[in-house]
Amino acid sequence: MQKPYIAKKIETKWQKEWQKKNVYRASSKNDKKNYYVLEMFPYPSGKIHMGHVRVYTLGDVLARYKRCSGYNVLHPMGWDAFGMPAENAAFENKIHPAVWTKQNIDNMRTQLKAMGLSYDWDLEFATCDPLYIECQQKIFLDFYKNNLAYRRKAWANWDPVDQTVLSNEQVIDGKGWRSGAKVERRKLPQWFFKITEYADDLIDSLDELKNWSNQVKVMQKNWIGRSEGLKIEFKIEKINKQIDAENIEVYTTRPDTIYGASFIAIAPDHPISKSLAASNKELQRFISECNQIGTSEEALEKEEKKGFNTLIKVFHPLEEGKFLPVYVANFVLMSYGTGAIFGVPAHDQRDLDFANKLNLPIKVVVKDTSNKSEKISKVAFTGDGEIINSGVLNGMNTSEAKSHVMNLIENKKIGKRSKQFRLHDWCASRQRYWGCPVPIILCDECGIVPVPITQLPVLLPEDVTFDKIGNPLDYHEDWKSVKCPKCNKNAKRETQTFDTFVDSSWYALRYPAPNSKEPIDKKEMIKWSPPDQYVGGIEHAILHLLYSRFFNRGLKKTKYVDFDEPFKGLFCQGMVCHKTFKGPNGWVEPENVRFRGDRAFLKSSNQELKIGRSEKMSKSKKNIVDPMSIIDKYGADTARLFMLSDSPPERDLDWSENGVDGCWKYLKKIWGHFHNYKFTQPNFSILKDASEQQNKIRREIHTCIQNTTDSIESFRYNSAVASIRKLSNLLLNLDNIDSNLILEQIILEGWQSYLIMLSPITPHIAEELWLLINKKSSILLQKWPEVNRELLKEQKIRMAIQINGKLKNTIEIEQKEIKDRALQESKAMALDNIKSATTKKKPKKIIVIPGRVINIVL
RNA sequence: GCCACUGUGGCGGAACUGGUAGACGCGGUGGAUUCAAAAUCCGCUUGGGGUAACUCAGUGUCGGUUCGAGUCCGACCAGUGGUACCA
């Protein structure tokens, strides 16, 4: 009578057992090396989704693999607990953000535990814990004292109806998500971190991050956007009393195109624009129109190019007698360069769009050598080429002309070489309740006053309501009113809270000692940090990871740590996607769909549904599969196995019910086999007497071990699963061979290795089956199987024989013949179809790549 | 718009630094078992042509480099992520 595979039963059993024995406790005892695996902690949105299942399974496999490979492993979990959804829930469901968040954390912790993840739960914390708030406030004050944080005015999205600040997400098509009112921009005092101070270092150090994906490094480099350009003063033609300036300073990265300039454009919030607007209603109107675009870069860039002619003209600095008109333009940003540009329509797409709109001249000054036509109408030529129509610059190439113009301008003392960054300082304050309060007191007399360390933490008041729109801290007079620590007069607390990216910028350093009074416990931190491997979604490639890199540098400056980079290794995984289903009444959840062949129908009414392509699982499209329903139905091991099976971790994964079913069937098959097979006691010493035939089988087993190990080491978990399955297929087929003592040992060796390699992926079933072949100790304590290299060496090698690069035949050679070109060639030429082909036509050339391929060119 | 990535059978994907395209799985299909079905097991499964040995084509599209390209280069098309207040 076969024991049925009831996943739930064994999973709960082992989860209890492991918890009881505290097997995942991170300790740095004994002489093993330490290894810190960290996955990006989740926002407690309510319940775990498939994206969580994926990233935490990936990290868990690594953590378990490292434990088997002889490391002490730190593998913690916590909660990115502040953020907007809690406030939205408060507004919609009248539940306090703290209560909502705690409920979600409790629920999600239970769910994560059901997945059998190997966390040391003793290290858990949430960013909304009073102790974490206190530590973060201490760090902030140190940053402030070290000139890494400052307060200034900056734009924010303003909803004029709701009278509140909106996040970019809450602005939909330029309108407020609740009020529907056209969103405006407003300048408000906000807190900034001086990330630009490290701009050079943040780019240059990318080269040292060897275990970071190149993709992320390139994105960060472009995001920081270092450019070596030129600042030039353009003299204003006539003194204009309204503006308090004689020049307009312009920044350019293309000084070589200066002869192609046909206009100057300044930002709507440029000082000159503002001065002119004071007495010009029309310009005022234009500027306020520009201010309605919103704050997102995407919106600004996509907006139709518009300009306002100021009627001011400036002299061209190199071309005698030439004047350029000055426009206020909606695509020029005050925050980049000098807030003013010279427009070269022929060689910049935005300038060209602008020129076409306003009928400005287009003068070609760089010759596109790949294109015969010199005319430019709709597409600007932005590449390098030969300079033409440019006086002294004619005939130079782009880079010669660039340095020539820079020298000219510098010699004339009307400009300077200048390095600029696209990156701007990090605006780290929010006008919201559910976040870590900025520990500052604003005093009419003393200005900005830090809250004294002894008065920390500044905690959020609990008695707030969310029926009023806006930031409840602003209305909370009791909480706001304090005495100034300096002069003891009445003062107000800063009512802004930190961007949640601040919370997530240093949490990794907190896990080694989460209860320490010090923000970062040096003794514990030094044993583990920085994390050896960080795992998370590619969507965090820039903001979270760049902010963390800055923050770590700040922590170094303020003496909390002594290293620059927060994460030694970084791996970014793809998203979990699913097909979408749409019926007459909108999107339909996969669980309500019934399939007949290729077609989908609504379960309740049999209405046919339209099947859409696979997209990121999202609430709006309802293409969500609840991980818990999968764990209930199949078990955590099946869910974990499927997560790793098909897609490579860095790519998007398509959720498929069939795939999950397949994984479950597979585990059931393995389960059945272990319960039917009678394993012998290990006696591996007799393996040395194995026959060549038996060694061939061992060789295949060890090849699988080698491939699995290589795949895990390089994060190719899907390939690892494939090699593991290959190994089990091989071992299952051995059942049909006549048994003998040596073969039994080979099979036992194979299955032992198999289970150990399977255990990081599906730990529960692996532990349960391990009992059947080795009743002594837990599989979690086993050593990763070692590859017998001697065995692999004896393998025969198969070589491809090609004619004109196309495969025609193969030959087999011995390992010792690997360098014998002549032998390989003669073996190839002796093959029937090669012989007949080469007698018909004489080979022109024979290329022999020893041990790999022979190509005969006819 | 800009930056980055991805594109291989019916589907997910494999192929180490350019060297046998399709490993491993899903689905499909044929068979075994069964009174029947489910489950399970075994075979086949890129497309075209051929009774067959075999042969031609084939890795988003077009072009290039090379003895040889899924892999390198150029242009294009499509999808995805980010775009600074979603996390």
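Letters go in sequence order (proteins before strands), and every chain restarts at 1. Reckoned from all heavy atoms, side chains included, excluding hydrogens, waters and symmetry mates. Predicted, not measured: the structure shown is a model, and the values here were computed from it.
No hydrogens or angles considered: nothing links the side chains of Asp159(A) and Thr164(A) as a donor-acceptor pair under 3.5 Å. A donor and an acceptor atom, one from each side chain of Asp474(A) and Thr495(A), are located under 3.5 Å apart. In summary, the side chains of Gln349(A) and Asp353(A) do present a donor paired with an acceptor at a separation below 3.5 Å, with no hydrogens or angles considered. Counting only N and O atoms by type, the side chains of Asp499(A) and Trp426(A) include a donor and acceptor under 3.5 Å apart. Side-chain atoms of Gln220(A) and Arg549(A) include a donor-acceptor pair closer than 3.5 Å. Trp177(A) and Glu169(A) share no side-chain donor-acceptor pair at under 3.5 Å. Using modelled atom types and a 3.5 Å distance limit, the side chains of Asn168(A) and Ser296(A) yield no donor-acceptor pair. A donor-acceptor contact closer than 3.5 angstrom links the side chains of Tyr666(A) and Ser728(A). Residues Asn809(A) and Asn833(A) have side chains that bring a donor and an acceptor to within less than 3.5 angstrom of each other.
At the heavy-atom level, Ser645(A) lies nowhere under 4.0 Å from the strands shown. Residue Ser656(A) is classed as having no contact, given no heavy-atom separation below 4.0 Å to the nucleic acid. Residue Arg798(A) is classed as a base contact, given a heavy-atom separation below 4.0 Å to a base. At the heavy-atom level, Arg725(A) lies under 4.0 Å from the strands shown only through sugar-phosphate atoms.
Projected onto RNA chain B by closest heavy-atom contact, Leu653(A) and Ile847(A) fall at different nucleotides, the more 5' of which corresponds to Leu653(A). A residue-by-residue look at Val857(A) and Arg716(A) shows that Arg716(A) has its nearest nucleotide of RNA chain B further toward the 5' end.
Atom P of G81(B) sits at a distance of 15 Å from the matching atom of C86(B), rounded to the whole Å. Taking the C1' atom of each, G63(B) and C77(B) are spaced 15 Å apart, rounded to whole Å. One P atom belongs to C72(B), the other to A14(B), and the distance between them is 15 Å to the nearest Å. Nucleotides U6(B) and C44(B), compared at atom C1', are 32 Å apart to the nearest Å. A38(B) and U29(B) have their P atoms separated by 12 Å, given to the nearest Å. When the P atom is compared between U71(B) and U61(B), the two are found 11 Å apart, to the nearest whole Å. For U20(B) and U59(B), the P atoms lie 16 Å apart once the distance is rounded to whole Å. Between the C1' atoms of G19(B) and U66(B), the separation comes to 12 Å (whole Å).
Between Lys806(A) and A57(B), a side-chain N or O to OP1/OP2 separation shorter than 4.0 Å is present. Listed pair Asn729(A) / G25(B) meets the phosphate criterion, a side-chain N or O lying under 4.0 Å from OP1 or OP2. Within the 4.0 Å cut-off from OP1 or OP2 of A14(B), at least one side-chain nitrogen or oxygen of Asn718(A) is found.
Judged by a 6.0 Å distance limit and a 45° cone about the ring axis, Arg152(A) is positioned over the six-membered ring of Phe192(A).
When distances run from any side-chain atom of Asn733(A) to the nucleotides U20(B), C3(B), C42(B), the shortest one goes to C42(B). Of the candidates U20(B), C42(B), A14(B), the closest approach to any side-chain atom of Arg651(A) belongs to A14(B). Checked against A14(B), C67(B), G19(B), the side chain of Lys845(A) finds its nearest nucleotide in C67(B). Listed nucleotides A14(B), C24(B), U20(B) differ in distance to Ala722(A); the shortest reach to its side chain belongs to C24(B). The side chain of Lys726(A) sits closest to C24(B) out of G1(B), C24(B), U6(B). The side chain of Asn222(A) sits closest to C3(B) out of G19(B), C3(B), C67(B).
Atom CD1 in Ile803(A) sits about 13 Å away from atom C1' in G68(B), given to the nearest Å. As a whole-Å value, the separation of Asp353(A) CG from C2(B) C1' is 13 Å. Straight-line distance from the CE atom of Met799(A) to the P atom of G68(B): 18 Å, rounded to whole Å. Between Trp655(A) atom CH2 and C26(B) atom P there is a gap of 15 Å when expressed in whole angstrom units. Rounded to an integer number of Å, the gap from Ile724(A) CD1 to G25(B) C1' is 14 Å. Going from atom NZ of Lys669(A) over to atom C1' of C41(B) covers 9 Å, rounded to whole Å. To the nearest angstrom, C1' of U66(B) lies 12 Å from CD1 of Ile849(A). Look at CG on Asn804(A): it is 12 Å from P on C67(B), rounded to the nearest Å.
Scanning atom types as modelled, one donor and one acceptor separated by under 3.5 angstrom connect the side chain of Gln802(A) and the base of G19(B).
Listed by chain and residue number, Met575(A), Cys577(A) satisfy the side chain to side chain contact (heavy atoms under 4.5 Å, CB included) test with Asp652(A) (two or more places apart in sequence, or in another chain). Checked against ring-ring contact (aromatic ring centres under 6.0 Å, His included), Tyr507(A) has the following partners two or more places apart in sequence or in another chain: Phe41(A), Tyr511(A). Not a single ring-ring contact (aromatic ring centres under 6.0 Å, His included) links Trp100(A) to another residue, sequence neighbours left out.
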Going 5' to 3' through nucleotides 77-87 of chain B and flagging B where a protein heavy-atom sits under 4.0 Å of the base, S where only the sugar-phosphate is that close, and - otherwise, we get --SSBSBBBBB

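Consecutive pairing runs in RNA chain B reach the stem threshold at B:1-7 with B:77-83, B:10-12 with B:24-26, B:27-32 with B:40-45, B:46-49 with B:54-57, B:60-64 with B:72-76, where a stem means at least three Watson-Crick or G-U wobble pairs with distances under 3.5 Å.
With salt bridges taken as basic N to acidic carboxylate O contacts below 4.0 Å, none links Lys302(A) and Glu297(A).
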Restricting to nitrogen or oxygen on both sides, can you table the protein-nucleotides 27-29 of chain B pairs closer than 3.5 Å?
none

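Side-chain contact between Asp503(A) and Cys436(A) is present, with at least one heavy-atom pair separated by less than 4.5 Å.
Nucleotide G9(B) is shown with a syn base, its glycosidic torsion being within 90° of 0.
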